[in-house]
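It should be emphasised that the depicted structure is a prediction, and the values quoted were computed from it without experimental measurement.
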Amino acid sequence: MDQLTLLLTLVLGALVTIPVGQRFGLPAPVLMTVLGGVLALLPFVPNVEIPPDYILPLVLPPLLYAAVQRTSWRQFAANVRPILLLAVALVFVTTAAVAATVHAVVPGLPLAAAVALGALVAPPDPIAATSIAGSLGLPRRLVSILEGEGLFNDVTAIVLYHVAIAATVSGTFSVAGAAGLLAMSTVVALAVGFALGWAAERLMRLLDDPTLKIGLTLLVPFAAYVLADEFQGSGVLAVLVTALYLSEYATDPDDVLGRLAERSFWDVVDTIVTGIAFGLIGLELHTVVASGDFDGALVGAAAAVVGVVVGVRLLWLLPAAALAQRLHQRGGHPDEEEEIPTTWRETVVMWWSGMRGVASVALVLAIPVSVDGGGPFPHRSDLLFIAFAVVLATLLCQGLTLPWLVRRLDVGADTEAERQLERQLALRAAKAARARLAEIEQVQELPEEMAEQLQRAAYGIATRLYPDLVDEDRREAHAQRLERMRTGRKITGELLSAARHELLAARSEGYDPEIVDRVLRHLDVRTLRGAV
């Protein structure tokens, strides 16, 4: 088996482990890690050969860009305090605690290298947590906290990691220099992120084809990362800023096909890259263990770091969440939508959801092999072993027991609040439709029958989005209309299916495939829009 075959095997595993995990109630990231470990044990499977310099630019930009699609600038602004308190500050605390521990228990390890290890194991993995949380019915508020925490944790930790790696490679470190580098990295990243976001948004206006727009979104995160890195800025922060800018300003409400296609495309990218990254955990752990000389002291050091990572998170989150709740109740934050854990049970679930994953794997694999002057990076194999131990321990132990803990603590989604929000949004959408109809009627005279039909259609927008809006007397009539519509859509679907089969048959008979595909695309678009 060569490297390409191994890569394709991991891609296949990333796709297959999702339905398998759903079938047996196991997280897909855990299954991919196990799959990587099994592959590593097979004698015909080669060791992974990825240059460390390529790891971060290839893995992080698409994952960060895909993660931003699930949030917004408004959500970030509304939750800036819990993000700073529960996420960013926790990265600094965890990094310091891990660095102090590993510096003490691993003889001869430079402090800067210890800080690099602390930074790379500090950020929890939002993908592993939310992939499990989504199947457990956790409150949407808690899922949003985990997503936001993971996103901004990654940015903070990676900036710290780069500073520590630079200090280790150069052999010099100063607090003032590190603070200056951190500040410059942030400023450059913000400038590159906003500039590239602005340029990409303008370019998207010129591209009418959804395929071209999606292709541009694939290029943008890599461009943001590389440009920021070229100017000594934080690549991950630049990707984050660019993605938030585009999500805010580059959205066309009427581009239905483009929006659906783009979301599907990035879901596929996210699934494949994430699966490969977790598969690499199992593959690389075997390589690290086989190539190193590990004794009981190193195993003990790894166990100590795991304990620090898990313990510090609990010791920080309990008082930090209580403080956030108190400040929120006192009105210290004017926004009512601030998302924080509301009970100690939610805080415990948030603590146990702190699994390490993709970011930690990418960062540890990106540790340079050598330092300035040609010498080896100090204790690189030891750092890889400890980092993989943290990832595996948290991913397997916490990932497999999180469903049990959620059931034990009885933490579930607030379905009533979610239904009320859906009702509010449905009414808002229908109100906008009726207001637009009133504007049209002021400038264009409509036949009475058409006007009544359009009024019913505007009202029907709300009832289709939220059927419980109709009162008891009209619910039966509405249900009958829906049944007639479903029957009509079913028959229409059969008519369209017959047309598609005929077009594909014509393609097989020798008709010009380009012309057939063009006609078939028009038919597919009409199918998506529900029209004949």
Side-chain angles (χ1 to χ4, degrees), residues 11-12 14-16 18-19 22 66 69 204-218 250-272 422 425-426 429-430 432-434 436-437 440 444 446-447 449-467 469-470 476-532:
V11 172
L12 177 61
L15 302 177
V16 172
I18 293 178
Q22 293 172 345
Q69 309 307 306
M204 283 184 181
R205 294 182 182 181
L206 304 176
L207 303 177
D208 295 330
D209 191 333
T211 302
L212 301 179
K213 291 183 178 181
I214 295 173
L216 181 61
T217 64
L218 179 61
T251 300
D252 182 1
D254 296 323
D255 187 13
V256 178
L257 294 176
R259 183 163 52 253
L260 292 175
E262 182 178 353
R263 185 61 181 265
S264 298
F265 172 80
W266 278 105
D267 284 344
V268 171
V269 171
D270 194 17
T271 299
I272 291 177
E422 289 177 3
L425 292 173
R434 290 196 298 270
R436 179 57 183 153
L437 179 59
I440 294 174
Q444 182 178 350
L446 300 176
E449 181 179 352
M450 179 182 291
E452 292 178 356
Q453 183 179 0
L454 291 172
Q455 285 285 357
R456 288 196 299 270
Y459 181 78
I461 291 176
T463 56
R464 284 195 295 272
L465 294 174
Y466 194 80
L469 283 172
V470 295
E476 184 176 352
H478 178 67
Q480 293 175 355
R481 285 197 301 272
L482 287 179
E483 182 61 32
R484 289 195 298 269
M485 290 173 59
R486 279 193 289 266
T487 302
R489 282 197 297 267
K490 180 180 178 181
I491 296 175
T492 300
E494 293 180 3
L495 300 180
L496 292 168
S497 177
R500 285 193 296 271
H501 278 80
E502 188 63 25
L503 288 174
L504 291 174
R507 196 181 197 276
S508 302
E509 292 170 5
Y511 281 75
D512 189 329
E514 184 175 349
I515 297 177
V516 173
D517 290 345
R518 187 189 310 161
V519 176
L520 185 61
R521 176 174 172 79
H522 291 319
L523 189 60
D524 288 341
V525 171
R526 298 182 71 86
T527 301
L528 183 63
R529 293 174 176 172
V532 178

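Taken to the nearest 0.5 Å, the CG atom of Leu520 stands 13.5 Å off from the CD1 atom of Ile515. Arg518 CZ to Leu523 CG: the interatomic distance, rounded to the nearest 0.5 Å, is 15.0 Å. Between the CG atom in Asp517 and the CG atom in Leu503 there is a gap of 9.5 Å [rounded to 0.5 Å]. Atom-to-atom distance recorded for Glu494:CD and Leu496:CG is 10.5 Å, nearest 0.5 angstrom. Atoms CG and CE, from Leu216 and Met204 in turn, are 4.5 Å apart once rounded to the nearest 0.5 Å. Expressed to the nearest 0.5 Å, how far CZ of Phe265 lies from CG of Leu218 amounts to 4.5 Å.
Summarising the geometry of Trp266 relative to Ala66, their closest heavy-atom pair is CE3-CB, 4.0 Å, with the distance given to 0.1 Å. Closest non-hydrogen pair, Lys213 versus Leu207, comes out as CE-O, 2.6 Å. Among all heavy-atom pairs drawn from Thr271 and Asp267, the shortest one is OG1-O, 2.8 Å.
Summarising the local packing, CD of Glu514 is surrounded by 12 or fewer heavy atoms from other residues, nucleotides or ligands at distances under 6.0 Å.
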